[in-house]
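One structure below.
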Amino acid sequence: MNAVLPNVSVVGAGRMGEGIALAFIHAGLPVTLIDIKERAEDERRDYFERVRNNVRGELRMLVQLGMLVPEQADVALSRLTLQSRSHAAATLRQCDLLFEAVPEVIAVKQETFAWVSEHVPASSIIASTTSTFLVTELAEMVGAPERFVNAHWLNPAYLMPLVEVSRSDATCPQVVERLLQLLKRIGKVPVVCNPVAGYIVPRIQALAMNEAARMVEEGVASAEDIDTAVRVGFGLRFSVLGLLEFIDWGGGDILYYASRYLSGALAPRFESPQVIADNMQTGRNGLRDGQGFYDYRELDVDAYKQQRLGDFVRKLQLSGLTPAFEGALERP
């Protein structure tokens, strides 16, 4: 991989693709964002304008949060190249690292990997960003599966430090190490996990989110009080101590006896509660619908998101994890 400026491409110009591209251009590395969908010329031009405006809007948000000045936002945006699939072959031939961020549809991924494998050099790393499929399932779709890994980013990809990396038995250890080093170069904190459904964070958070929703459903507490308890209780201490570290602090025996009591009182459960299905059926999926557990219809959503992201950025600053503008240029 180029020691100075690696050639990075992202295939899939949706929200995740935009977020990953933003993480690289913010860190100082140029990125080509490739739209996998074939479009008519007018449609493609309009779509690219919308994508660029989305990225520009996120950069503007970083300016408002004090992470960038306007001139830096302009510089970052200049590092983004948008390409259609029909014009991307030459770019892929020069690619050092490619992230796949197409929809979570197995047929779409299979076709994308077949196309990518035809064009990228043998030395390229191909990384899926799937949150659904296992790397062992997808590796069979890639030419030279020894260079294939999964890199699961958390949203928002340009701010969240963590990236969960998993490999198949066929993956070359050097490929994993190269990917880890590049992720660190752009300020990410990668962790390595085995190819198991749910990875690390999604597996833990699914249980926690379902239990929080179930407590609303059962009338244990209001949504506001549950979220307050999470923010100033659960979340606050686990931003300092890891879950397993916290077990050691409190004592494994405490967890053992508490778990015996709770399993008898509540029973183990992984399925989402009925309230989630009911909300889906009534169009209450959250911010995008204007309603969820909270009512956002009279809310200035942009101001709300900026406030929440501002709180998150301050947490990152306290933890020393704030992404640095052009930080990748300082790491050879």
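- Taking the six-membered ring for Trp, Phe113 and Phe148 have ring centres closer than 6.0 Å.
- For the residue pair Met215 and Ile226, the shortest heavy atom distance occurs at CB-CD1, 3.7 Å.
- Looking only at atom types and distance, the side chain of Asn53 has a donor-acceptor partner in the side chain of Arg56 under 3.5 Å away.
- Considering all non-hydrogen atoms of both residues, Asn7 and Gln94 come closest at ND2-O, 2.9 Å.
- Salt bridge Arg39/Asp35: present, at least one basic N to carboxylate O contact under 4.0 Å.
- Of the inter-residue distances, the one linking Thr130 atom OG1 with Ile106 atom CD1 reads 7.5 Å to the nearest 0.5 angstrom.
- Side chains of Thr132 and Glu104: a donor on one and an acceptor on the other come within 3.5 Å.
- The nearest pair of heavy atoms linking Leu80 to Ile25 is N-CG2, 4.1 Å.
- Residues Asn150 and Tyr199 have side chains that bring a donor and an acceptor to within less than 3.5 angstrom of each other.
- Summarising the geometry, atom CG belonging to Leu243 is positioned 10.0 Å from atom CD belonging to Glu245; distances are rounded to the nearest 0.5 Å.
- Lys109 places no side-chain N or O within 3.5 Å of a backbone atom of Ser128 that could act as its donor or acceptor partner.
- Note on Glu18 versus Arg50: no salt bridge recorded, every NZ/NE/NH1/NH2 to OD/OE distance being 4.0 Å or above.
- Under 3.5 Å, the side chains of Thr112 and Glu100 contain no donor-acceptor pair of N or O atoms.
- When all heavy atoms of Val108 and Pro103 are compared, the closest pair comes out as CG1-CD, 4.2 Å.
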Practice task
Evaluate the criterion salt bridge (charged side-chain N to carboxylate O under 4.0 Å, His left out) for residue pair Arg15 and Glu58; output intermediate values, then yes/no.
Solution key: CA-CA 11 Å; Arg15 296 300 294 175; Glu58 297 296 342; 3.3 Å; yes

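- Remark: Glu111 engages Arg85 in a salt bridge, criterion side-chain N to carboxylate O under 4.0 Å.
- At a cut-off of 3.5 Å, with distance as the only test, no side-chain donor of Tyr296 or Gln291 sits close to an acceptor on the other residue.
- With contacts defined as side-chain heavy-atom distances shorter than 4.5 Å, the pair Val165/Val191 does not qualify.
- The pair Asp302-Lys305 does not count as a salt bridge, with every side-chain nitrogen at least 4.0 angstrom from each carboxylate oxygen.
- The same ILVMFWY cluster, assembled from side-chain heavy atoms under 4.5 Å apart, contains both Phe246 and Ile204.
- Proximity of the aromatic rings of Phe99 and Phe24 is defined here by a centroid distance below 6.0 angstrom, and this criterion is met.
- Taking both residues in full, the closest heavy atoms of Leu134 and Ala197 are given as CD2-N, 3.5 Å, listed atom of the first, atom of the second, then distance.
- Under 4.0 Å is where a charged nitrogen must lie from a carboxylate oxygen, and between Arg297 and Asp295 at least one such pair does.
- At a cut-off of 3.5 Å, with distance as the only test, a side-chain donor of Thr91 or Gln83 sits close to an acceptor on the other residue.
- Salt bridge Glu326/Arg79: present, at least one basic N to carboxylate O contact under 4.0 Å.
- Nearest approach of Ala151 to Leu179, heavy atoms of both residues: CB-CD2, 4.3 Å.
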